[in-house]
J.: 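Here it is, the structure, as structure tokens.
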Amino acid sequence: MGALGDLQAVLDRIGAEMAEAPDRGRVADYIPELARVSDRHFAMAVCTADGACLTTGEADTAFSIQSVSKVFTLAIALGRLGDQLWTRVGREPSGLAFNSVVQLESENGIPRNPFINAGALVVTDAILQGRRPRDVLGEVLRFLREAAGDDDIHINKAVAASEQATGHRNLALAHFMAAHDNLKNPPDLTCGTYFHQCAVEMTTRQLAMAGRFLMGAPGAARLVSPARVRRINALMMTCGHYDGSGEFAYRVGLPGKSGVGGGILAIAPGRASIAVWSPGLNAQGNSQLGTLAIERLTRATGWSVFG
Ligand code: GLU
């Protein structure tokens, strides 16, 4: 059996193990539309540097990418603003929950990093400046479609509306940053754009395809430069799983970004872009089986960046 056959066998084994897993975590219920999703789903997709894309499970079922979208908006914001973005948001792990308000108070409205909600709101606010939400969302979709090589990627308006109706904490974060002059658009406009960006739906296969620029795939530098890709990966490693980032680095050993829809995008630099989806979350709001599945994949392949 060749290398790809071996990899497919590893994926199939992980898929079978995850189907049997007794503890699947808890589906997010603070966004009512997400609470309707079953915890039985599982999918994994691996796109390798030589152009193959292998999958197991329901890899062609679309799910809400939620905070995985923050990786793509960060790439867009860095492309538009360059290092100026870092005057408004930091690059340190927060050690706190994804939607925490307390740190913002003691740190004068400057969020710790672009992947906690406050930081992602600043990133979206920066892209929005001087433009309309629909133009920004059009750019996000164009970026995703080009990165994935697939035009069938859309926003689920019911999920966006559901979050809009219940997004009091995100609005609180936005207003707090506006009070510190770290939000340039009206809070409801920035939050509305952010809720729609989080409501993008993709399949696991599409997400792995869209992450290829982060593994340094041939030709990917046209989307984002290698120097920037390195930095985005560093932030994913240190901040991509909220207050579970250290644990993810310890167990998996790859840069990754999770979303409360149960998706994770992880990157094995130079080797593979990996996406996984299982809606049940652990205590830190990261996919329980998604984490376990990538942990088993890196153990089987030796892809941890730590050797
Ligand atoms: N839209 C979600 C929120 O802002 C994203 C959180 C996540 O996926 O971790 O609450």
Side-chain angles (χ1 to χ4, degrees), residues 25-37 62-74 89 93-101 103-104 111-125 128 133 136-137 140 144 155-177 183 187-202 204 207 235-236 238-245 247-248 256-266 275-288 290-291:
R26 283 198 51 201
V27 174
D29 57 6
Y30 75 101
I31 300 174
E33 275 297 307
L34 295 186
R36 296 156 42 130
V37 179
F63 66 94
S64 194
I65 69 167
Q66 291 295 319
S67 284
V68 185
S69 66
K70 295 170 181 174
V71 173
F72 302 97
T73 48
L74 176 63
V89 57
S94 68
L96 290 169
F98 68 102
N99 56 4
S100 172
V101 187
Q103 213 162 43
L104 264 189
R112 272 288 173 102
N113 68 67
F115 292 151
I116 52 173
N117 283 12
L121 285 165
V122 164
V123 168
T124 300
D125 187 69
L128 185 58
V136 170
L137 294 168
V140 171
L144 286 170
I155 292 171
N156 182 325
K157 297 222 169 71
V159 172
S162 181
E163 186 165 3
Q164 191 115 34
T166 55
H168 305 299
R169 280 190 87 96
N170 283 321
L171 274 156
L173 292 169
H175 277 283
F176 196 85
M177 292 190 290
L183 210 79
D188 57 340
L189 214 62
T190 298
C191 284
T193 311
Y194 168 81
F195 295 148
H196 282 78
Q197 137 204 341
C198 289
V200 166
E201 286 191 338
M202 292 171 79
T204 308
L207 188 57
L235 289 162
M236 288 169 75
T238 51
C239 312
H241 282 72
Y242 308 120
D243 46 341
S245 298
E247 184 69 10
F248 188 83
K257 180 74 203 87
S258 71
V260 290
I264 300 175
L265 174 64
V276 64
W277 171 52
S278 176
L281 308 179
N282 62 20
Q284 285 78 36
N286 304 310
S287 176
Q288 166 107 353
T291 306

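Whatever order the structure lists them in is the order used to number ligands and atoms, beginning at 1. No hydrogens, no waters, no symmetry mates; every other heavy atom, side chains included, goes into these values. Position 1 is the first residue of the sequence, and the numbers go up from there.
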J.: Can you tell me how far CG of Asn286 sits from OG of Ser245, rounded to the nearest 0.5 angstrom?
T.: 7.5 Å
J.: Using a strict cut-off of 4.0 Å, indicate which atoms of ligand 1 neighbour a heavy atom of Gly259.
T.: 8 (O)
J.: Could you see which bit of Tyr194 sits under 4.0 Å from ligand 1, with heavy atoms only: side chain, backbone, both or neither?
T.: side chain
J.: Just to be sure I read this right, does ligand 1 sit under 4.0 Å from the backbone of Ser67, its side chain, both, or neither, counting only heavy atoms?
T.: both
J.: Provide the number and element of each atom of ligand 1 under 4.0 Å from a heavy atom of Gln66.
T.: 1 (N), 2 (C), 5 (C), 8 (O)
J.: Taking 4.0 Å as the limit for heavy-atom contacts, which would you say applies to Asn117 with ligand 1: side chain only, backbone only, both, or neither?
T.: side chain
J.: Within a distance under 4.0 Å of any heavy atom of Cys198, pick out the atoms of ligand 1 and give their elements.
T.: 1 (N)
J.: I'd like to check whether Gly261 has a polar contact with ligand 1, where a contact means an N/O of the residue lying under 3.5 Å from an N/O of the ligand.
T.: no
J.: Can you tell me the protein heavy atom closest to atom 3 (C) of ligand 1 and the distance?
T.: Glu163 OE2, 3.0 Å
J.: Where's the contact between Arg169 and ligand 1, heavy-atom distance under 4.0 Å: side chain, backbone, both or neither?
T.: neither
J.: Any donor-acceptor pair under 3.5 Å linking the side chain of Asn282 with the backbone of Gly285?
T.: yes
J.: Please work out which of the three classes, parallel, tilted or perpendicular, describes the rings of Phe98 and Tyr30, given edges at 30° and 60°.
T.: tilted
J.: Between Thr166 (side chain only) and Ile31 (backbone N and O only), is there a donor and an acceptor less than 3.5 Å apart?
T.: no
J.: Check whether Thr124 reaches the backbone of Tyr194 with its side chain - one donor and one acceptor, N or O, closer than 3.5 Å.
T.: no
J.: Between Asn170 and ligand 1, which part of the residue brings a heavy atom under 4.0 Å of the ligand: side chain, backbone, both or neither?
T.: side chain
J.: Could you tell me which non-hydrogen atom of Met177 sits nearest to which non-hydrogen atom of Leu121, and how far apart they are?
T.: CE-CB, 3.9 Å
J.: In this structure, which one of His196, Glu33, Gln164 forms a side-chain contact (heavy atoms from CB on, under 4.5 Å) with Val159?
T.: Glu33
J.: Say whether Tyr30 and ligand 1 are in contact under the criterion: heavy-atom distance to a ligand atom below 4.0 Å.
T.: yes
J.: Identify the protein heavy atom lying closest to atom 9 (O) of ligand 1, giving its residue, its atom name and the separation to 0.1 Å.
T.: Tyr242 OH, 2.6 Å
J.: So if I count the atoms of ligand 1 from 1 in the order they appear, which ones are less than 4.0 Å from some heavy atom of Phe98?
T.: 6 (C), 10 (O)
J.: In the structure I gave you, are the side-chain heavy atoms of Phe195 and Asn170 within less than 4.5 Å of one another anywhere?
T.: yes
J.: To the nearest 0.5 angstrom, please state how far the NZ atom of Lys257 sits from the OH atom of Tyr242.
T.: 3.5 Å
